[in-house]
Amino acid sequence: MAEVSTKPEVWSCKTVQEVVENGGELPSRYIWIRNDRSDYGPIDLNVPVATEIPVIDFTRLQLSSSSSSSAIDEELLKLRSALTTWGCFQAINHRIENSFLDEVRHLAREFFHLPMSEKQKTGRTENDYEGYGNDIILFENQPLDWTDRLYLLVSPQDNQKLEYFPQTPQSFRKMLHDYTIEMKRVQAELLKSIARSLDLAEDCFVKRFGERGTMYARFNYYPPCSRPDLVHGLKPHADGSGLTILLQDDKVEGLQMLKGDQWFRVPVMPYALLVNIGDQLEIMSNGIYKSPVHRALTNAENERNTLAMFCAPDPTLEIEPVEELVDNEKKPRLFKKVKNYPETYFQYYQQMKRPIDAVRI
Ligand SMILES: O=C(O)CCC(=O)C(=O)O
Ligand SMILES: [Fe+2]
């Protein structure tokens, strides 16, 4: 497969929204072509619903809360079972106000409905992943995803590229600032609980993420699509993050998770956060916790808006399986040491391979 170039290319500068507004036939570039290297089966909107994805109650994980230690142990066991089987769970009682989550969703929708000229003020440039734009082309004949997005590094704050942060809607920046603060708190609580669920010291992953761990926000906008049976909102992938915290659309379903070789629809829980393990925590947990393959589908009637927060270790730090989770006889080390995993991720993704395989021993 010929690669286009090492740099991502912005294909004809058209967003999905423009494709929709221009009307006419569905461009063939969006039609999913199955291939042998990553055959995750056909697009199917009618897969079973994943009623078994565990719901984890944050208040039951906190030592400082009124929960008894047996309630905490029970919740940690549930967390462990969620992350070894599905690699994800729905988090409730995370202490973010429902009204704030409504506002986040409202402003995200409002942004994507602004005139194109306004959105283009934060448009991605050819050499950057950040900003507003369509799917990035990484290789020739890549089927494109039916999504427009706004992708921003939100932390560390001194690395933010403010030129890509929308100034309209007016309260967008403030909302993102406040949401980032909440997400950093949730991230820290999650990393501690995840460590405890593996019988590790509570700060094990917090330390490994480092003080300059990264957090990216990706606002995903999926316009209605005339052929949801042929097009992916987002192709099957596992996240390159350590953890991903997803605020789903409060009404429209679209996310599917792969468990074994079966796809499941993730139900909408309007005020829950869907948390999934990313490749870097799969590596650090020596494969005990799974970074699940997932995809987003579209539908013909409704747009869908989601917000993914990708939390990852400082890319200048080396990551590897935590020593306590390696046992030469029972649980040999599965992954090599790796620095700047996102770079490996994109190179492998480009070749339609599962990036985590690049660091497998
Ligand atoms: O929009 C969704 O439901 C999934 C988003 C996602 O998987 C991602 O942004 O990596
Ligand atoms: Fe994802």
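First listed ligand is number 1; within each ligand, the first listed atom is number 1. Computed from heavy atoms alone, side chains included, the values below leave out hydrogens, waters and symmetry copies. The structure presented is a predicted model; accordingly, all values stated were derived computationally and were not measured.
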Taking it one step at a time, do T15 and N134 satisfy side-chain hydrogen bond (donor to acceptor under 3.5 Å, both in side chains)? CA-CA 5 Å; T15 60; N134 56 333; over 6 Å; no

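- Note on ligand 1: H294 sits in its first shell, one or more heavy atoms being nearer than 4.0 Å.
- In the candidate list L274, L247, L255, T244, L255 is nearest to atom 4 (C) of ligand 1, counting heavy atoms.
- For F112 and Y222, the distance between ring centers is not under 6.0 angstrom.
- When non-hydrogen atoms are compared, ligand 1 lies under 4.0 Å from the side chain of L234 (C-beta onward) but not from its backbone.
- For H237, every heavy-atom contact with ligand 1 shorter than 4.0 Å involves the side chain, none the backbone.
- Between Q248 and ligand 1, no N or O atom pair is found at a separation short of 3.5 Å.
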Begin from the C-alpha positions of Y216 and Y151 and carry the test ring-ring contact (aromatic ring centres under 6.0 Å, His included) through to its verdict. CA-CA 7 Å; Y216 283 88; Y151 187 52; 5.0 Å; yes

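- Side-chain heavy atoms closer than 4.5 Å link hydrophobic residues (I, L, V, M, F, W, Y) into clusters, and following such links, even through other members, never connects M309 to L234.
- Around the Fe ion (ligand 2), the two atoms NE2 of H294 and NE2 of H237 are separated by an angle of 90°, to 10 degrees.
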Check against side-chain contact (heavy atoms from CB on, under 4.5 Å), H177 and K174: CA-CA 5 Å; H177 175 81; K174 161 116 181 60; 5.5 Å; no

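- For atom 2 (C) of ligand 1, the nearest non-hydrogen atom from the set Y222, F310, Y151 belongs to Y222.
- Note: F172 and F219 have tilted aromatic rings, judged against thresholds of 30 and 60 degrees for the angle between ring planes.
- Between Y132 and F111, the ring planes are perpendicular. Angles over 60° get that label, and only those under 30° would be called parallel.
- Ring planes of Y30 and W146: perpendicular class, angle over 60° (limits at 30 and 60°).
- Close approach of ligand 1 to N220 is summarised as follows: ligand atoms under 4.0 Å from at least one heavy atom of the residue are 1 (O), 5 (C), 9 (O).
- Ion pairing between a basic and an acidic side chain is recognised when a charged N comes within 4.0 Å of a carboxylate O; K192 and E189 show no such pairing.
- Residue-ligand proximity, R218 to ligand 1, at heavy-atom distances under 4.0 Å covers atoms 8 (C), 9 (O), 10 (O).
- In summary, the atoms of ligand 1 found under 4.0 Å from a heavy atom of D239, numbered by their order in the structure, are 10 (O).
- Close approach of ligand 1 to A308 is summarised as follows: ligand atoms under 4.0 Å from at least one heavy atom of the residue are 9 (O).
- Nearest to the Fe ion (ligand 2), among the N, O or S atoms that D239 has, is OD1.
- The shell of residues lying under 4.0 angstrom from ligand 1, judged by heavy atoms, includes R304.
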